[in-house]
Amino acid sequence: MDNVSVRDAREFFNLNVERPRMHLLDEPTGYISAMGKANLGHQMRYSVERLEAELADDGEPRVLQLVCEGDEHEPRAWTLYADGLKCAHGTGEFARTCFCEAADAFMGVCREAVRASALPSRSEHDYELLRAARRIAAVEAGASRPANRQRPITTDNDR
């Protein structure tokens with residue numbers, strides 16, 4: 001093979017497209033933390049948690065929940081619930097585009113969706129009840145996963 005055909009073969013097999021780099025709201029502090037934090041799903045969840053904290057600090061407490069569909073690292077779709085009501089839905093590609101634009105762009109989209117939903121204000125008691133219900137639902141969802149179910153104990157007599 002001459003140099004031209006080697007170069008042609010190399011270019012033929014190199015069919016990768018570089019994705020634009022995401023801006024990270026939750027910046028990693030090292031290599032190990034980058035492995036966990038540099039994925040779309042984590043950044044989306046972190047953005048929603050941070051938004052919930054900001055809304056509470058501003059005197060507008062809301063219980064936010066982000067449900068991701070598909071792979072937890074690269075969700076194909078997501079839905080945002082505020083106080084148990086659906087207020088936004090989008091694709092994973094839309095979320096990735098937001099993070100490629102700016103680190104807090106996705107959080108801004110979620111903030112606008114929560115405000116546009118015009119939810120009634122909640123008492124502190126109702127807010128705490130909604131937070132407790134979210135924690136219970138998370139525990140229940142975790143317990144229903146096959147990896148988290150308790151396996152029956154078998155003895156030698158059972159085999």
Worksheet item: Should K86 and T79 be marked as a side chain to side chain contact (heavy atoms under 4.5 Å, CB included) after you check the CA-CA gap, both sets of side-chain angles, and the distance that decides it?
Response: CA-CA 7 Å; K86 183 177 178 179; T79 305; 3.7 Å; yes

Discussion item. E49 vs R45, test: salt bridge (Lys or Arg N to Asp or Glu O under 4.0 Å). Steps then yes/no.
Written reply: CA-CA 6 Å; E49 289 171 12; R45 285 186 298 277; over 6 Å; no

Discussion item. Between Y81 and L66, is the side chain to side chain contact (heavy atoms under 4.5 Å, CB included) condition met? List the steps.
Written reply: CA-CA 6 Å; Y81 295 90; L66 183 72; over 6 Å; no

Item to complete: Step by step, work out the side chain to side chain contact (heavy atoms under 4.5 Å, CB included) result for E54 and R111.
Response: CA-CA 10 Å; E54 284 182 14; R111 179 182 290 113; 2.5 Å; yes

Worksheet entry | side chain to side chain contact (heavy atoms under 4.5 Å, CB included) between S117 and L85, worked out | CA-CA 9 Å; S117 62; L85 302 172; over 6 Å; no

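Atom NE2 in H42 sits 11.0 Å away from atom CG in L40 (nearest 0.5 Å). With rounding to the nearest 0.5 Å, the separation of SG in C110 from CZ in R50 is 13.0 Å. Within the model, atoms CD of E128 and OG of S123 stand 9.5 Å from one another, a figure rounded to the nearest 0.5 Å. With rounding to the nearest 0.5 Å, the separation of CG in N39 from CD in Q43 is 7.5 Å. Rounded to the nearest 0.5 Å, atoms CD (E112) and SG (C87) are 11.5 Å apart. Between atom OG of residue S47 and atom CG of residue L64 there is a gap of 11.5 Å, rounded to the nearest 0.5 Å.
The shortest distance between side-chain heavy atoms of E69 and P75 does not fall below 4.5 Å. In this structure, M44 and C68 have side chains that are in contact, with non-hydrogen atoms separated by less than 4.5 Å. Proximity of E101 to F106: side-chain heavy atoms (C-beta onward) are nowhere separated by under 4.5 Å.
Between the side chain of D58 and the backbone N or O of E60, no donor-acceptor pair lies under 3.5 Å. Within the 3.5 Å criterion, the main-chain N or O of M107 finds no donor-acceptor partner in the side chain of D104. Side chain of R62 to main chain of L51: no donor-acceptor pair is present (N/O by atom type, distance under 3.5 Å, no hydrogens or angles).
Contact check on R76 versus E93 returns no salt bridge, with no Lys/Arg side-chain nitrogen under 4.0 Å from an Asp/Glu carboxylate oxygen. Electrostatic pairing of E52 and R134 counts as a salt bridge here, judged by a charged N lying under 4.0 Å from a carboxylate O.
Following chains of ILVMFWY side-chain contacts shorter than 4.5 Å, one cannot reach V48 starting from L130, and the two form parts of different hydrophobic clusters. Hydrophobic cluster membership is shared by V114 and F94, with clusters built from Ile, Leu, Val, Met, Phe, Trp and Tyr side chains linked at under 4.5 angstrom. Hydrophobic clustering (ILVMFWY, side-chain heavy atoms < 4.5 Å, transitive): L119 and V63 are in distinct clusters. Y127 and L80 are members of different hydrophobic clusters when ILVMFWY side chains are connected at heavy-atom separations under 4.5 Å.
Ring pair W78/H89 is tilted by interplanar angle, where 30° to 60° counts as tilted.
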